[in-house]
Amino acid sequence: MAISDNTRQSLIPNYLYSSSSMNSSLIGKLSNNSSSRLFESTPAVEKKNFAIQAPSEPPFGKIEMYSPSFYAACTAGGILSCGLTHMTVTPLDLVKCNMQIDPVKYKSISSGFGVLLKEQGVRGFFRGWVPTLLGYSAQGACKFGFYEFFKKYYSDIAGPEYAAKYKTLIYLAGSASAEVIADIALCPMEAVKVRVQTQPGFARGLGDGLPKFVRSEGALGLYKGLVPLWGRQIPYTMMKFASFETIVEMLYKHAIPTPKNECSKPFQLGVSFAGGYVAGVLCAVVSHPADNLVSFLNNAKGASVGDAVKKLGLWGLFTRGLPLRIVMIGTLTGAQWGIYDAFKVFVGLPTTGGAAPPAAIEAAKD
């Protein structure tokens, strides 16, 4: 089998091969019996340049920006960032949902954990983790993948000048469009998750919970909470993406003396986490009333929005479970942006934020 030059070279440790001119020079010196002088008199710069570093390529090859491979990578990054993080905070989500549904029994965060531990044991803290993982993986795929698509699409429609001038509107429109699709993917798993988490004895998990839910509510019942879910997730995602992009841009512009493209990748990922955490706090505040509605409607059969408002009260709608949700969503969103951008770096793509919209960037290259 023929072996290409590149393959043959990659099989040799990189300190054993060097440029032909350097090899010729060394051979000439050695042939003149001056090897001792070579190692005594060779400048430090020559020693440093003796070895040629083997090129480091992204694991999947170079990915062209805004190509199908680019959107596929963003989709995969979204699956990892949303699915893993939401599954990890299942205990917090469990306590939060129960505080929203039964505030008399679950009076505070600490007492909520205590009640769950006493009644259901440690395993009870992870009830509903399977629909959480599957639902938010599907949501993350659509959220991040379609956001990158719509951001480019709307930037192209606006043109370079208006894309740069109204970039925040493009971020808002792109994220809202993506979330409409993402919530359709999330809604069935969210319905089963809430029912499993807030009604002990309803089901052990997804395997028996989904068929039982469909028998009780019908297949369309899985989408009963879609409108409140849109009401929660669309403002949440608009704030999540637009504020993140703005915060990261402001950090690189005013707080970090080094331009983004000169910062190390680990430093850029730290900026992504910090920007994501601040954005997550804002997201939690904006979307919390709708989050209370989603929990209430998916827990009570035949309940309406009016029933939720009447039982929870307007103040309770905005505040019940909010401190816990701020901690949960802030950490969650920071981790999501960190994981998402880490995956982008892994496949050879730049981190998110700190740059003009795509149409403006491409126009600058022309």
Side-chain angles (χ1 to χ4, degrees), residues 58-60 63 65 69-93 126 128-151 171 174-175 178-179 181-183 185-186 189-190 193 233 236-249 251-252 260 263-284 287 325-355:
F60 305 107
I63 297 177
M65 292 293 288
S69 296
F70 168 78
Y71 294 118
C74 294
T75 298
I79 292 173
L80 292 173
S81 67
C82 288
L84 294 178
T85 52
H86 276 277
M87 183 188 69
T88 302
V89 299
T90 295
L92 286 174
D93 189 41
F126 293 92
W129 73 268
V130 175
T132 298
L133 175 62
L134 296 179
Y136 282 94
S137 292
Q139 186 214 35
C142 298
K143 184 198 297 274
F144 283 90
F146 279 109
Y147 171 69
E148 299 287 1
F149 170 80
F150 283 118
K151 184 168 69 170
Y171 300 148
S175 57
E179 191 59 36
I181 301 170
D183 287 344
L186 168 65
M189 294 295 102
E190 179 75 0
K193 174 190 80 76
Q233 289 298 131
Y236 167 91
T237 301
M238 292 170 72
M239 180 65 75
K240 174 179 180 176
F241 283 87
S243 62
F244 172 82
E245 296 261 17
T246 303
I247 290 166
V248 169
E249 181 181 354
L251 285 174
Y252 282 115
K260 178 184 176 181
C263 294
S264 67
K265 293 301 182 183
F267 184 86
Q268 291 184 35
L269 293 178
V271 173
S272 294
F273 177 82
Y277 195 97
V278 176
V281 173
L282 299 174
C283 291
S287 62
R325 193 159 185 266
I326 285 176
V327 174
M328 184 181 82
I329 297 300
T331 307
L332 193 76
T333 307
Q336 284 179 357
W337 278 114
I339 293 171
Y340 178 66
D341 274 352
F343 183 80
K344 288 176 74 176
V345 168
F346 173 71
V347 298
L349 293 171
T351 58
T352 313

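Interatomic distance, OG1 of T90 versus CE of M328, reported as 9.5 Å (0.5 Å rounding). Expressed to the nearest 0.5 Å, how far CD1 of I79 lies from CG of L134 amounts to 11.0 Å. Distance OG/S137 to CG/L186: 10.5 Å, rounded to 0.5 Å. In this structure, CZ in F267 is found 11.0 Å from OG1 in T351, a value given to the nearest 0.5 Å.
Ring pair W337/F241 is perpendicular by interplanar angle, where above 60° counts as perpendicular and below 30° as parallel. Between F146 and F149, the two ring planes are perpendicular [angle over 60°; tilted spans 30° to 60°].
The minimum heavy-atom distance linking A284 with I329 is given by the pair CB-CB, 3.9 Å. Nearest heavy-atom pair across V347 and A73 is CG2-CB, 4.2 Å. Nearest heavy-atom pair, L282 versus S243, reported as atom, atom and distance to 0.1 Å: CD1-CB, 4.2 Å. Of all heavy-atom pairs spanning M239 and A279, the tightest one is CG-O, 4.4 Å. For the residue pair T331 and Y277, the shortest heavy atom distance occurs at N-CE1, 3.3 Å. Here the shortest heavy-atom pairing between C142 and A182 reads CB-CA, 3.6 Å.
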Walk me through whether E190 and Q139 qualify under side chain to side chain contact (heavy atoms under 4.5 Å, CB included). CA-CA 10 Å; E190 179 75 0; Q139 186 214 35; over 6 Å; no

Check the pair Y136, K143 against side chain to side chain contact (heavy atoms under 4.5 Å, CB included), reporting the backbone distance first and the verdict last. CA-CA 10 Å; Y136 282 94; K143 184 198 297 274; over 6 Å; no

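Listed by first then second residue, pairs satisfying side-chain hydrogen bond (donor to acceptor under 3.5 Å, both in side chains) with a partner in residues 71-83 number zero, not counting sequence neighbours.
In this structure, the side chain of D341 does not engage the main chain of L269 through any donor-acceptor pair within 3.5 Å. A donor-acceptor pair under 3.5 Å is absent between the side-chain atoms of K260 and the main chain of V248, judged by distance alone.
A salt bridge does not link E179 to K240: none of the charged side-chain nitrogens sits closer than 4.0 Å to a carboxylate oxygen.
For F70, the side chain to side chain contact (heavy atoms under 4.5 Å, CB included) partners at least two apart in sequence or on another chain are I63, M65, Y66, S67, C74, E148, L349. Evaluation of the side chain to side chain donor-acceptor pair (under 3.5 Å) rule for T132 yields no partner, not counting sequence neighbours. By the side chain to side chain contact (heavy atoms under 4.5 Å, CB included) test, T85 is found to be paired with L332, A335, Q336, I339, residues two or more places apart in sequence or in another chain being considered. In this view, S175 satisfies the side chain to side chain donor-acceptor pair (under 3.5 Å) rule with no residue, not counting sequence neighbours. Annotation: salt bridge (Lys or Arg N to Asp or Glu O under 4.0 Å) contacts of D93 (sequence neighbours excluded): K96, K193.
Between F144 and T352 the shortest side-chain heavy-atom distance does not fall below 4.5 Å. Residues R325 and S287 are in side-chain contact: their nearest non-hydrogen atoms beyond the backbone lie under 4.5 Å apart.
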